[in-house]
Amino acid sequence: MPLVHKAVIAGNWKMHMTCAEAQAFAQAFLPLVAHLPTDREVVLAPPFTAIAILSEALAGSGVAISAQNVHWEEKGAYTGMISAPMLLEHGVTHAIVGHSEPRKYYSETDEQINLRARSAQAHDLIPIVCVGESLDQREASETERVIHRQVEQGLEGLDPCRLIVAYEPIWAIGTGKTCAASEANRICGLIRGWVGHPEVIVQYGGSVSPATIDDLMVQSDIDGVLVGGASLDPLSFGRIANYQAPVQA
Ligand code: PGA
């Protein structure tokens with residue numbers, strides 16, 4: 001399917017990077033993406049504490065900022081949570097929701113993920129909704145059923161034109177085992193079909209690296225990537241952002 005929108009290359013820093021480290025990253029990274037081909041955009045998802053300083057460091061660069069989560073209420077007695085208006089104040093444009101880590105460690109449900117994604121869209125944030133199967137589910141041939149349920153329940157009522165879905169097989173996250181590009185493409189195509197809108201942006205995530213990015217990005221149904229570990233190093237994320245093109249510093 002020819003892309004009608006830009007590819008989205010997103011870096012998820014997880015619980016990494018102090019403010020000082022985020023600033024140093026920006027200084028090293030920005031020259032590497034100053035001449036990016038115009039068919040793509042780059043998004044960085046720092047921890048909440050580094051959002052303000054990174055937002056200043058990236059101002060005018062075209063690199064966007066995502067939160068790593070967002071609560072569905074605007075304010076209230078939700079200790080430890082961050083709402084969409086709090087993120088908007090710092091120029092945040094995207095919010096990751098439904099990542100397999102909060103699904104696993106904090107028992108996030110598809111219903112909560114849907115509330116988060118709806119709140120994001122209601123406040124003009126683009127939700128990056130993660131879906132994906134575990135190794136056990138894959139081995140039990142449940143991959144399609146699990147992801148179909150995550151798509152059906154997690155994306156209910158969302159505007160597909162302001163949405164990114166990230167296919168992240170859990171067994172490929174942080175393991176160095178990238179899903180074969182053709183298989184990632186097959187699942188991304190299924191997700192596009194289930195969403196029912198050809199323009200939805202579908203990313204692949206799970207051990208994406210400079211060595212695998214080019215193969216992934218030639219696939220017909222992969223519109224971008226969500227990168228964890230390899231986004232922590234400016235040189236490697238710079239190379240990923242410049243996929244199929246030389247880095248021009
Ligand atoms: P990884 O993480 O690239 O380190 O596998 C991806 C993710 O969790 O989004």
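- Side-chain N or O atoms of Glu156 include none that pairs as donor or acceptor with a backbone N or O of Asn114 at under 3.5 Å.
- Comment: Arg239 does not engage Asp233 in a salt bridge, judged by the lack of any side-chain N to carboxylate O separation of less than 4.0 angstrom.
- Checked against His99 for a side-chain hydrogen bond (donor to acceptor under 3.5 Å, both in side chains), the options Glu108, Glu168, Gln68 give a single hit: Glu168.
- Nearest approach of Ala184 to Ile222, heavy atoms of both residues: CB-CD1, 3.9 Å.
- Looking at Lys104 and Glu101, no side-chain N of the basic residue comes within less than 4.0 Å of a carboxylate O on the acidic one, giving no salt bridge.
- With salt bridges taken as basic N to acidic carboxylate O contacts below 4.0 Å, one links Asp110 and Arg103.
- The minimum heavy-atom distance linking Pro47 with Met17 is given by the pair CG-O, 3.5 Å.
- Salt bridge present: Arg192 and Asp221 bring a charged side-chain N and a carboxylate O closer than 4.0 Å.
- Using a 4.0 Å cut-off between charged nitrogen and carboxylate oxygen, Asp124 and Arg162 count as a salt-bridge pair.
- Judged purely by atom type and a 3.5 angstrom limit, Thr212 has no side-chain atom pairing as donor or acceptor with the backbone of Val208.
- Closest approach of Gly132 to Val146, counting heavy atoms only: O-CG1, 4.3 Å.
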Side-chain donor-acceptor pairs under 3.5 Å in residues 18-30, sequence neighbours left out?
from	atom 1	to	atom 2	distance (Å)
Thr18	OG1	Glu21	N	3.1
Thr18	OG1	Glu21	OE1	3.4
Glu21	OE1	Thr18	N	2.9

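- The pair Arg138-Glu133 meets the salt-bridge criterion, since a charged nitrogen lies less than 4.0 angstrom from a carboxylate oxygen.
- Under 4.0 Å is where a charged nitrogen must lie from a carboxylate oxygen, and between Glu142 and Arg149 no such pair does.
- Contact detail for Val70 and Ala95: the closest heavy-atom pair is CG1-CB, 3.9 Å.
- For the pair Trp72 and Leu115, the tightest heavy-atom approach, listed with the atom from each and the gap, is CB-O, 3.5 Å.
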